[in-house]
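Below is one structure, written out as structure tokens, with a few remarks after it.
A note on names: the letters A, B, ... follow the listed sequences, proteins ahead of strands, and every chain is numbered from 1.
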2 protein chains.
Amino acid sequence: MWKHDLKRIQPVSSEWLTAAHERWDRLTKPRKSLGMLEEIAARVVAIREEKLPAIPRKEVFVFAGDHGVVSEGISPYPQEVTGLMVRNFLQGGAGINVLARCAGAEVTIIDIGMKDDLPDINGLIRRNVRRGTRNMAEGPAMTLKETETAMNTGVGMAEAAFARGVLMVATGEMGIGNTTPSAALLSALLPAAIEDVTGRGTGLDDAGLRRKTAVIARALEVNSQAMGDPLSILSAVGGLEIAGICGLCIGGAARRMMVVVDGFISTAAALVAMRLNPAIKDYLFFSHQSSEKGHQVFFEKEGIRPILNLDLRLGEGTGAVLGMQIIENALRLYREMATFEEMGITPGA
Amino acid sequence: MWKHDLKRIQPVSSEWLTAAHERWDRLTKPRKSLGMLEEIAARVVAIREEKLPAIPRKEVFVFAGDHGVVSEGISPYPQEVTGLMVRNFLQGGAGINVLARCAGAEVTIIDIGMKDDLPDINGLIRRNVRRGTRNMAEGPAMTLKETETAMNTGVGMAEAAFARGVLMVATGEMGIGNTTPSAALLSALLPAAIEDVTGRGTGLDDAGLRRKTAVIARALEVNSQAMGDPLSILSAVGGLEIAGICGLCIGGAARRMMVVVDGFISTAAALVAMRLNPAIKDYLFFSHQSSEKGHQVFFEKEGIRPILNLDLRLGEGTGAVLGMQIIENALRLYREMATFEEMGITPGA
């Protein structure tokens, strides 16, 4: 399923980008004066292959998973917080709920790999692949089969959203400890030195940061035979929610949806997808640069400019949903501004 | 009137900032993980001196004025574009109209110094002080009296908005050639070398940029006897829309309103206000860093971090209205997120 979708992803056409910029240059403003907003809307035009794309229906997918590697003491929060926060999401009290209300986006919460077996709660999508990953510092975090099941879950979410008329999806996650596998993925896939991509996560002190860096080094060493293709790397040092997000990116891009990527963890997932098929980059909108150290390294190495830089490090999809609002503003400018012809103004320089 | 309001402006109290951060630390997220959004909402709390400030009613004020200095050839657009764009604003077809609709902000257009004497058009506020400034390269652009009248017009806009229940105002402007007086103001008030704050505006080529830099040098030289207090500097090398925005900042801060500052020209106006009373800084939200060269110099010299950086250089208040949306998101997070106590979670690090 994910493999099928992966092959469908083609780069956007430069003709559509050019056509969009031609329209921008006819709108009542100096050329290029809307900066990144012009680039953003042009990409929407090229993804949708429509002259005036409609304002898309929006949905954020929050994948929740736990991590065996927390037994190494790499997070200041206990693992139970994953479940508690998922309950918070389902009750509407978390950051992602508030921002989704602001943006007019639907919120979908998926248990893709939580340790806690939550009871049936209204709104919880139960797709648990495994009750938390294995400790990646001792061997592969997941089997290839588990990884692919989680990826297919993400693809399935994109497919179902598309069927409901959603054309813009945001990635989100919850999983205590998940900056650790994300840093391991960035180190392996960019590639980058471990210490350059390993940060304090939700608030590690200096000793904790040293421990986390050492744990990641051990995980990459223990799993060295898996460090070949992106799928094996994801299985070895990734996570179930990360695989789910990777699948959402693939399934979204395959259907020519706009995929808005959240922060550090979502970026690690998107990077796996980019290594599987570089064409996917055209469909991804990196919403913000997190204050988690390795995120900047990713943007520099990949030559990508994030939309926002607000020192966020909450995850859940919060930055992505803020980014969705900027994308919507850009698209509305593109659609609704008057042209020079309509105003009787001759364009200047 | 502006002098009276200027004296009323006091720094916000650190107690209110602390109280706001204490609430942030009780909300269900890692400490400080909402980064700049936490700072933004804390400042709203401290400005309003309310534990849970209401979502403010929003209005953007677009001051339109012309500039005698355009006769020096410092803009690629003819002066008539000021009037044409103001008609565009009044018909709802400009960038600011679209973004204000996205943000739910009212738009008010003020002729404070346009050359064109527009007929009565529904929605146009006629407060013309003078049909364009004098050429600042040959002497003062405005008299002190004209400057103060324009400032008082801005103060009056804040006063009337406050009376209507508006608590967050954005600054906007339209005026062909107005990056030239803005660069002159920044050079004089920061202070900074002319070439460091002089950019291409709406799209000057290299020769045009050299001409513009020389014109600003001449204006500062010709008006050298006025380079003492901020008011004389504003009169000598400012503009009527710039003085209006300066007044809006003063009138807004005096009434404990949030004042969202747009790009390069609005920043020059805000800088005059900051030099008149440094306490005003606490009420100003610098919405974005423009691609106009001198804007970055301002932020570095003043130690201010703008909310957005999207390479905008359109003016009109467009960046400010995008910024208003981010501020509203921050405030809604602050108001609506659940606390740890409510969720039964013990805060970690």
Side-chain angles (χ1 to χ4, degrees), chain A residues 27-37 75-78 80-81 84-85 87-88 91-95 97-99 101-103 201-205 208 290-291 307-316 318 322 325-326 328-329 332-333 335-339 342-346 348-349, chain B residues 27-37 75-78 80-81 84-85 87-88 91-95 97-99 101-103 201-205 208 290-291 307-316 318 322 325-326 328-329 332-333 335-339 342-346 348-349:
Chain A
L27 300 180
T28 45
K29 60 171 187 55
R31 283 193 68 216
K32 307 290 175 203
S33 61
L34 283 167
M36 275 183 82
L37 299 181
S75 174
Y77 283 85
E80 291 65 42
V81 171
L84 290 165
M85 282 304 294
R87 286 173 186 270
N88 196 9
Q91 289 170 24
N97 304 104
V98 177
L99 292 178
R101 289 195 289 270
C102 291
T202 49
L204 281 180
D205 59 15
S290 148
S291 67
I307 299 172
L308 298 164
N309 187 349
L310 297 167
D311 284 348
L312 307 179
R313 51 179 175 82
L314 176 54
E316 303 179 1
T318 47
L322 284 173
Q325 294 182 50
I326 302 284
E328 179 160 336
N329 276 271
R332 288 195 57 180
L333 285 163
R335 285 173 55 91
E336 298 176 25
M337 279 179 72
T339 62
E342 286 163 355
M343 281 304 301
I345 304 180
T346 309
Chain B
L27 300 180
T28 44
K29 59 170 189 56
R31 284 194 68 215
K32 305 292 175 201
S33 61
L34 283 168
M36 273 183 83
L37 300 181
S75 173
Y77 283 85
E80 291 65 41
V81 172
L84 289 165
M85 282 304 296
R87 286 174 187 269
N88 196 10
Q91 289 169 24
N97 303 104
V98 178
L99 292 178
R101 289 195 289 270
C102 291
T202 49
L204 282 179
D205 58 15
S290 149
S291 67
I307 299 173
L308 297 164
N309 187 348
L310 297 168
D311 284 347
L312 308 179
R313 51 180 176 81
L314 176 55
E316 304 179 0
T318 48
L322 284 173
Q325 295 182 49
I326 302 284
E328 179 161 334
N329 276 271
R332 288 195 57 181
L333 284 163
R335 285 173 54 91
E336 297 177 24
M337 279 178 73
T339 61
E342 286 162 357
M343 282 304 303
I345 304 180
T346 309

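The distance from the OG1 atom of T28(B) to the CD atom of E316(A) is 7.5 Å, given to the nearest 0.5 Å. A distance of 7.0 Å separates CG of N88(A) from CE of M337(B), quoted to the nearest 0.5 Å. With rounding to the nearest 0.5 angstrom, the CG atom of L99(A) is 7.5 Å from the CG atom of L34(B). Here the straight-line distance linking atom CG of L308(B) with atom CG of L37(A) works out to 9.0 Å at 0.5 Å rounding.
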Next on the checklist: Between T318(A) and L333(B), does the side-chain contact (heavy atoms from CB on, under 4.5 Å) criterion hold? Intermediate values first, please.
Outcome noted: CA-CA 10 Å; T318(A) 47; L333(B) 284 163; 5.6 Å; no
Item to check | Candidate pair E336(B) and R101(A), rule salt bridge (charged side-chain N to carboxylate O under 4.0 Å, His left out), full reasoning | outcome: CA-CA 10 Å; E336(B) 297 177 24; R101(A) 289 195 289 270; 2.9 Å; yes
Checklist entry - K32(A) and R313(B): side-chain contact (heavy atoms from CB on, under 4.5 Å), yes or no, with the steps? => result CA-CA 8 Å; K32(A) 307 290 175 203; R313(B) 51 180 176 81; 3.7 Å; yes
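Closest heavy-atom contact between L310(A) and I326(B): CD1-CG2, 4.5 Å. Minimum heavy-atom separation, L84(B) to M343(A): O-CE, 3.2 Å. Shortest non-hydrogen contact noted between L314(A) and P30(B) is CD1-CD, 3.6 Å. In terms of heavy atoms, N309(A) sits closest to M36(B) at O-SD, 4.2 Å.
Considering only heavy-atom pairs separated by less than 4.5 Å from chain B, the leading option among G201(A), A338(A), A94(A) is A338(A). The greatest number of non-hydrogen atom pairs below 4.5 Å with chain A, out of L312(B), N97(B), L27(B), N329(B), is found for N329(B). If you tally non-hydrogen atom pairs under 4.5 Å between each of K29(A), E80(A), R332(A) and chain B, the highest count goes to R332(A). Note on S291(B), G95(B), A103(B), G92(B): by heavy-atom pairs under 4.5 Å with chain A, the leading option is G95(B).
Taking R87(B) as the reference, nothing meets the salt bridge (Lys or Arg N to Asp or Glu O under 4.0 Å) condition, with sequence neighbours excluded.
In this structure, chain B has heavy atoms under 4.5 Å from both the backbone and the side chain of I307(A).
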